[in-house]
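Throughout, a chain's letter reflects where its sequence line sits, starting with A, and its residues are numbered from 1. All figures in this text were calculated on a predicted structure; none of them were measured in a lab.
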2 protein chains.
Amino acid sequence: MGSGQPRGRSGGRPTLEEVAVRAGVGRGTVSRVINGSPRVSEHTRAAVEEAVAELGYVPNTAARALAANRTDSIAVVVPEPESRFFSEPYFSDIIHGVGAALADTDMQLLLTFAGGDRERRSLAQYLSAHRVDGVLLVSVHADDPLPDLLEQLEIPAVISGRRSAEERLASVDSDNFGGARAAVGHLLSRGRRTIATITGRLDVYGAQRRLDGYVDALTEAGHPPSADLTAHGDFTEDGGRRAMADLLARRPDLDAVFAGSDVMAAGARQVLREAGRRIPDDVALVGFDDSAIARHMDPPLTSVRQPIAEMGRTMTNVLLAEIADTRPSAARRLARQQIVLPTELVCRESS
Amino acid sequence: MGSGQPRGRSGGRPTLEEVAVRAGVGRGTVSRVINGSPRVSEHTRAAVEEAVAELGYVPNTAARALAANRTDSIAVVVPEPESRFFSEPYFSDIIHGVGAALADTDMQLLLTFAGGDRERRSLAQYLSAHRVDGVLLVSVHADDPLPDLLEQLEIPAVISGRRSAEERLASVDSDNFGGARAAVGHLLSRGRRTIATITGRLDVYGAQRRLDGYVDALTEAGHPPSADLTAHGDFTEDGGRRAMADLLARRPDLDAVFAGSDVMAAGARQVLREAGRRIPDDVALVGFDDSAIARHMDPPLTSVRQPIAEMGRTMTNVLLAEIADTRPSAARRLARQQIVLPTELVCRESS
DNA sequence: GGTAGGGGTGGGAGCGCTCCCATGTGTGAT
DNA sequence: ATCACACATGGGAGCGCTCCCACCCCTACC
């Protein structure tokens, strides 16, 4: 593709020039009005705005992009092959927030997929061509080369979550540590004492932080966790099942489980059932994400809610600010924000 | 927004002209090579391709769009306010398919939201400005003016599902009728005889077709359904609850329920539970969509799977074909495709 | 040997906009 | 009245590409 015929040369959509003629002013003046420059008299501005309305003028983006060397669009990069990503509402919610934040602007949202090798290459090329003003990176792995490429190209970018404690890019994360602490604190307050945890992939920073929060809450309460109460899942339901089976084998006396995601909690629930443990009577269960699964599970799952849509909104606003920032790149680099949004424990019947 | 400074004028990215100089040919020739025109000698083509590779040349989209009056991008219009839309994986899956189909092309994917009135207006303006080559319409209501606008502007468009039996736009739908028939047939084959149904909003064509399929299957089997076995939901969980309560009140003897969506089935399940009916022992339950909820429900829900990602892929291919079609618009109008993709019954423990 | 014809090629003329410099035009200070 | 300066305005010069016409040269045919 990429060829295709030019379709019926724009059935006479009005141009800047025509607006100028109609309003009896010069092109430059119309351009100033369109772009909200203050250097136009009130009277002239009114005349131009009238002409714009009469003609139904809409600026041609391509021409503007060409002349001004900006695109008025940002890209969301989706690490597609992870089907986990698509099977959870995370993606939809982030996009939801991004869309909301963008609604107040003229910016367009581009969706790009960084799935296979080929797609990654063409994405790199795409970014090198500066075809977007900024990039939103969703769910990036620690070893992804994309953030470095963006830094090198000096393309504004914001990452959801972060890759490590010292993230160089601007980032918006949720308080995984605090959420985990709250979840475990809740279990403690319910009288549970032998609290196990199922972690996500620990090369994902957020998963590590959830584990940290678990350890911290228990330690603070004077019940430092023994190592055999921690099992590692990989964010999948099956991983949750395996981890739960391990835990039961090692510590049949456990009376609560904090899972690093709802999906893993779903797997754990199944194994607990099969082992004849009642939830929450014998074992309390808490998840993370507060996804649809949590509400529909039997019993409904207590879970830590992340403000995902708000993360999307915040990411977008941070990105727009970076794009608008005209200071030298060194200053911009120093000003990069690291935002952490609060999480919230949603109590249901599983605990 | 929409203003913002031009960022560091393109640190010398190579242009067509520079490639031409390097390859020792004219601009026109390079353009021909880039666009795969056959009117270039093998020898010249090789020289140009080498120069392109050496310089790392990437065409400037804005310039191309301006000169050729095409954008190489398509838009997916998302009817955002429907939170139902975002809470189900439908959206993600469609996008997934669209992305896959687009991976083979140079087309870009734009996401536009048609939420509030303001957004709708700016979308209309956006489309009027022909800023995309084509549009994918997802989940459109029967009375939405957008499709008509698109037709009038002669912008190629494909709709997911359809608005009525005689859809004027090209469309890709799943076989709702067949899926419902299969679901009901399955219940009949399991010996159920008093089969009720909970419909979605009947102004959604697909919901009507599911009801039609239900009626058809029962009629064909010689058990034409009585009217009191049909209750109307609105695709929400709460609607499912209410409909189920109605049904139980009217026909306490029912032994199976076919719900028009998994979410409504979830609501129904709850009411059945509370009424002391065991699933599937007393009442068999079948849903529609095969969403994550179906898998995680207790007991896991038998459901009709729609090939959503494939719908996205197919829609995209149909749209690309329409965009490439250069015949007069009357001929194009006649050639609009109406595609129906098969559905599949996924049997689980609820039936 | 002359004349069509065709494939291959170069480059002018825009596409519609922004940027910026040059040119008014009015104000206040000198 | 004179100068300086700010503000408002017009329009030339591109931005990088595609389209298309003119041109060249070579083959084929008369």
Of the candidate nucleotides [options], which contains the atom at the shortest distance from the side chain of [X]?
X: A:Ala67; options: D:dA13, D:dC15, D:dT18; value: D:dC15
X: B:Arg39; options: C:dG7, D:dA8, D:dT18; value: C:dG7
X: B:Thr29; options: C:dG10, C:dC17, D:dG16; value: C:dG10

When you compare the side chain of [Y] with that of [X], does any pair of heavy atoms fall below 4.5 Å?
X: A:Phe113; Y: A:Val77; answer: no
X: A:Thr15; Y: A:Glu18; answer: yes
X: B:Arg120; Y: B:Asp144; answer: yes
X: B:Leu150; Y: B:Leu137; answer: yes

Review point. Just by distance, do the side chain of B:Gln337 and the backbone of B:Ile339 share a donor-acceptor pair under 3.5 Å?
Key: no
**Study point:** Nucleotide-resolved protein contact map, nucleotides 20-26 of chain C, B/S/- at heavy-atom distance under 4.0 Å
**Key:** B------
Review point. Hey, does the side chain of A:Ser41 come within less than 4.0 Å of D:dA8's phosphate (OP1/OP2), counting only N and O?
Key: no
Point to revise | Non-hydrogen atoms of A:Met107 and A:Ile74 that approach each other most closely | key: SD-CG2, 4.1 Å
Practice item. Check every strand shown and say whether A:Thr44 touches a base, only sugar-phosphate, or nothing at a heavy-atom separation below 4.0 Å. Key: sugar-phosphate
